[in-house]
Visitor: 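My questions will all concern the structure given below.
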There are 2 protein chains.
Amino acid sequence: MTKTRNHVTQSERTRRATLRDVAQLSGVSEISVSRVMRNAPSVSDRLRSRVLAAAGELGYTPNRLAGALKTSSTNLVAVIVPSIGNGVFPEVLDGIESVLADAGLRPVLGITQYDRAQEVQVLRDMLAWSPMGVILAGTDHEPAVTRMIDQQGIPVVEFMDIDRSPMQSAVGISNVKAAVAVADLLAKRNYKRPGYIGAWSERPDRSKARRLAFEARLVELGIPLVDREIASVRASAEVGAKTTETLLKRSPDIDAIFFANDDQALGALFYCQRTGRKVPDDIGIIGFNGIEIGSTTPTILASVVTPRFQMGVETAKLMLLAASDPSTRNVIDLGFEIRLGESI
Amino acid sequence: MTKTRNHVTQSERTRRATLRDVAQLSGVSEISVSRVMRNAPSVSDRLRSRVLAAAGELGYTPNRLAGALKTSSTNLVAVIVPSIGNGVFPEVLDGIESVLADAGLRPVLGITQYDRAQEVQVLRDMLAWSPMGVILAGTDHEPAVTRMIDQQGIPVVEFMDIDRSPMQSAVGISNVKAAVAVADLLAKRNYKRPGYIGAWSERPDRSKARRLAFEARLVELGIPLVDREIASVRASAEVGAKTTETLLKRSPDIDAIFFANDDQALGALFYCQRTGRKVPDDIGIIGFNGIEIGSTTPTILASVVTPRFQMGVETAKLMLLAASDPSTRNVIDLGFEIRLGESI
DNA sequence: ATATGAAATGACAACGTTACCAATTTACGG
DNA sequence: CCGTAAATTGGTAACGTTGTCATTTCATAT
């Protein structure tokens, strides 16, 4: 037998145990240890228990780098989102993780800061780890993204909106339908002079598409948009108050505002109350996403409630499905619900 | 030369390009290609450009599984948190990611659901990938966690609280100091009958430690805690309203409540206003974390403001430091600030 | 007992990369 | 133009695992 190591260095002591160590201690072959660790079939109980004992004694942990190299498959899932600080993504991520974890898969996180070029770079970096799949936010990506994923031949699931057709599968809601529904609601409630407020963190096209659909519908309804304001910073309640102030100063006769997110909408709600405007009598407010706090405010915030956790769950489920059947091509519309609240 | 593949299968076409492919196309050795891809020194410009051309043509991406196996080092950082749906962790994670990304490192995400046993399991799973470091929430872990990390000999940084001594390094605030500060504030504002409200998502000991410190200080100040209520579900505004109702029904003479989180505190604030209790005249409310919305409410929420993003940033920086100098042992107290607001 | 097939076990060669050393080329002073 | 050192290039052997195939052991029917 070849003596690979003929000098026992200090690192010898702390070296991570390998299959070989376990095999030697338990007096079986390496491949048998491998089979035991993987719960592969064709292993006798006697051998299994002997191996497990040795593995326990050595504190052996399989080295997935080696295993993955050999099988060229990992339990890693690349999850790339625009942001994670606040807003909707943490909740979606929560749903994703909960399903992946049960399936023994691990999310590897990438954040793009809403920058398409960064998405490409992050994806490239992640693909070097041979993830078994990729989860992306939105359906609007650089061509390179599609190309790289196609080349790897792994499943992709896109979550958030389903207004454009996805690379393979997608889970989300129709932002267009939501925008139309809000416009219809405003008309039904007899608002005549609607406005729109968004923010930087709503930059991607799904938000723009939503706004355009909103404006188009308003025109159809005969109550065209009076004015809009898109903050150039991340959405927050503070910013919501500021943008509302700006918008109302410029167009004081606006009688309802559709916000691209609830943070701004709440800020606006509080701003109006502080400045003596009656909501919804003087001005109607409706937000987007249906964050929890909005349903407990003294004036309950109207909002388009999106199923964020469930979106994550369904996204991950679709990933599992695609893993077992690569031909999977699904688009799941989770729909939305309008919480009327008391602000509209 | 050995012909490794003598049958060109269909997969041959889609097979991911390897060093060998690039080497053959560019007419250099594999090791030279490796050097070019890693920007290793001792490569002539001529060779470099030839290799890069070939790599580009083949769409070659290095296989990190192989590289990592050989060097037994990765750019992966295991990040294990109790939860991610809402609350403080997304913001910390945001800070962590922003620093790691700049350093070319990737967070691999693990969620424990506040379950210590799960933390062990998740960590074990992640260590199989030989991460270059581990980031954990809190300083209270199963002995197995410490053991496994020690055995791997990699850096750990614990973030959140720094009241117990960390395995290696930690970044956070002192929950004990914060609790004492709140108790002192209540005394100074002449509250006499304080209460405490927490929730399930505050389960770990850092929250308990905070509560105990709060109670102990109140005793010292001669205004012992009147009553407390710990919701057995995740914190939310809705739950905050409910727990407040329960607490005040049981102990109607409570004149101030310290909440373990701002979600519940906001719910309580709204609940009191809805039910005609004047805040802070009838009852004082102070929360924990200082979430943004609390600073725009008509009655600004008093809260202990914690530097969550910065906590993530400093945590990741410490990880980088420990990566270059494994003997790093730091404890960074980021401190907190009390936003007095208008609710206390 | 013996034949027969199934179950259990093992030997060996990869997977794609990089560390380590050796070989070759280049640069430059005398 | 030569010798020497530095810079550049390459050969070989791992890293720790698993797929493939061969070999051994075992159970069962005859």
Side-chain angles (χ1 to χ4, degrees), chain A residues 1-7 9 11-12 15-24 26-51 54-55 58 60-75 127-130 152, chain B residues 1-7 9 11-12 15-51 55 58 60-75 127-130 152:
Chain A
M1 172 155 289
T2 315
K3 191 83 173 274
T4 309
R5 275 165 248 279
N6 35 24
H7 60 291
T9 62
S11 70
E12 176 75 14
R15 212 184 89 259
R16 202 167 140 184
T18 70
L19 274 187
R20 163 176 285 136
D21 300 319
V22 179
Q24 281 177 347
S26 55
V28 303
S29 69
E30 299 176 28
I31 184 69
S32 291
V33 178
S34 171
R35 284 200 262 258
V36 170
M37 300 314 294
R38 285 179 287 147
N39 286 314
S42 293
V43 178
S44 69
D45 290 344
R46 211 173 75 83
L47 187 141
R48 157 165 283 114
S49 61
R50 219 158 21 121
V51 167
L58 294 175
Y60 169 72
T61 311
N63 184 334
R64 293 201 101 121
L65 292 173
L69 173 61
K70 181 63 180 144
T71 61
S72 57
S73 71
T74 66
N75 69 341
L127 290 182
W129 285 108
S130 306
Q152 288 257 335
Chain B
M1 173 155 289
T2 316
K3 190 87 174 268
T4 309
R5 277 163 248 280
N6 36 22
H7 60 290
T9 61
S11 70
E12 175 76 14
R15 208 182 96 257
R16 204 166 136 183
T18 69
L19 274 187
R20 163 175 286 136
D21 300 319
V22 179
Q24 282 178 349
L25 180 61
S26 54
V28 303
S29 69
E30 300 178 26
I31 184 68
S32 291
V33 178
S34 172
R35 289 203 182 98
V36 170
M37 300 315 293
R38 284 178 288 144
N39 286 313
S42 293
V43 178
S44 70
D45 289 344
R46 213 174 75 82
L47 188 142
R48 157 164 285 117
S49 60
R50 224 167 6 133
V51 166
L58 293 174
Y60 169 72
T61 311
N63 184 334
R64 293 200 102 120
L65 293 172
L69 173 60
K70 181 61 181 152
T71 61
S72 56
S73 71
T74 66
N75 70 340
L127 290 183
W129 285 108
S130 307
Q152 290 256 336

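In what follows, every heavy atom counts, from backbone to side chain, and hydrogens, waters and symmetry copies are set aside.
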Visitor: Assuming nearest nucleotide by heavy-atom distance, tell me which of S32(B) and P62(A) is located more 5' along DNA chain D.
Guide: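 Nearer the 5' end of the strand: S32(B).
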Visitor: What's the closest nucleotide to the side chain of L47(B) if the choices are dG10(C), dT9(D), dT18(C)?
Guide: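 The nucleotide sitting nearest to the side chain is dT9(D).
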Visitor: To the nearest Å, give me how far apart CH2 (W129(B)) and C1' (dG16(D)) are.
Guide: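 For the pair W129(B) CH2 and dG16(D) C1', the rounded distance is 13 Å.
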Visitor: Can you work out whether S34(A) or R50(B) has the more 5'-proximal nearest nucleotide on DNA chain D?
Guide: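 First, find each residue's nearest nucleotide; the 5'-ward one identifies R50(B).
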Visitor: In this structure, how many angstroms lie between the C1' atom of dC15(C) and the CD atom of E30(B), rounded?
Guide: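 After rounding, the gap between these two atoms is 12 Å.
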Visitor: Any idea which of dG16(D), dC21(C), dA14(D) is nearest the R35(B) side chain?
Guide: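 Of the candidates, dC21(C) comes closest.
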Visitor: Would one find a side-chain N or O of S29(A) under 4.0 angstrom from OP1 or OP2 of dG10(C)?
Guide: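 True: S29(A) side-chain N/O within range (under 4.0 Å) of dG10(C) OP1/OP2.
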Visitor: Find the distance D21(B):CG to dT17(C):C1' and express it as a whole number of Å.
Guide: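 Interatomic distance, CG of D21(B) to C1' of dT17(C): 13 Å.
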Visitor: Please report the distance, rounded to the nearest Å, between CG in L65(A) and P in dC15(C).
Guide: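 Whole-Å distance recorded here is 18 Å.
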Visitor: Go through dT9(C), dA14(C), dG10(C) for me and flag the one nearest to the K70(A) side chain.
Guide: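 Comparing dT9(C), dA14(C), dG10(C) against the side chain of K70(A), the answer is dA14(C).
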Visitor: Starting at CZ of R20(B) and ending at C1' of dT12(D), how long is that distance when rounded to a whole Å?
Guide: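 So the CZ-C1' distance, R20(B) to dT12(D), works out to 13 Å.
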Visitor: Side chain of L19(B), heavy atoms from C-beta onward: which of dT17(D), dT17(C), dG10(D) has the nearest atom to it?
Guide: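 My answer, after comparing the listed nucleotides, is dT17(C).
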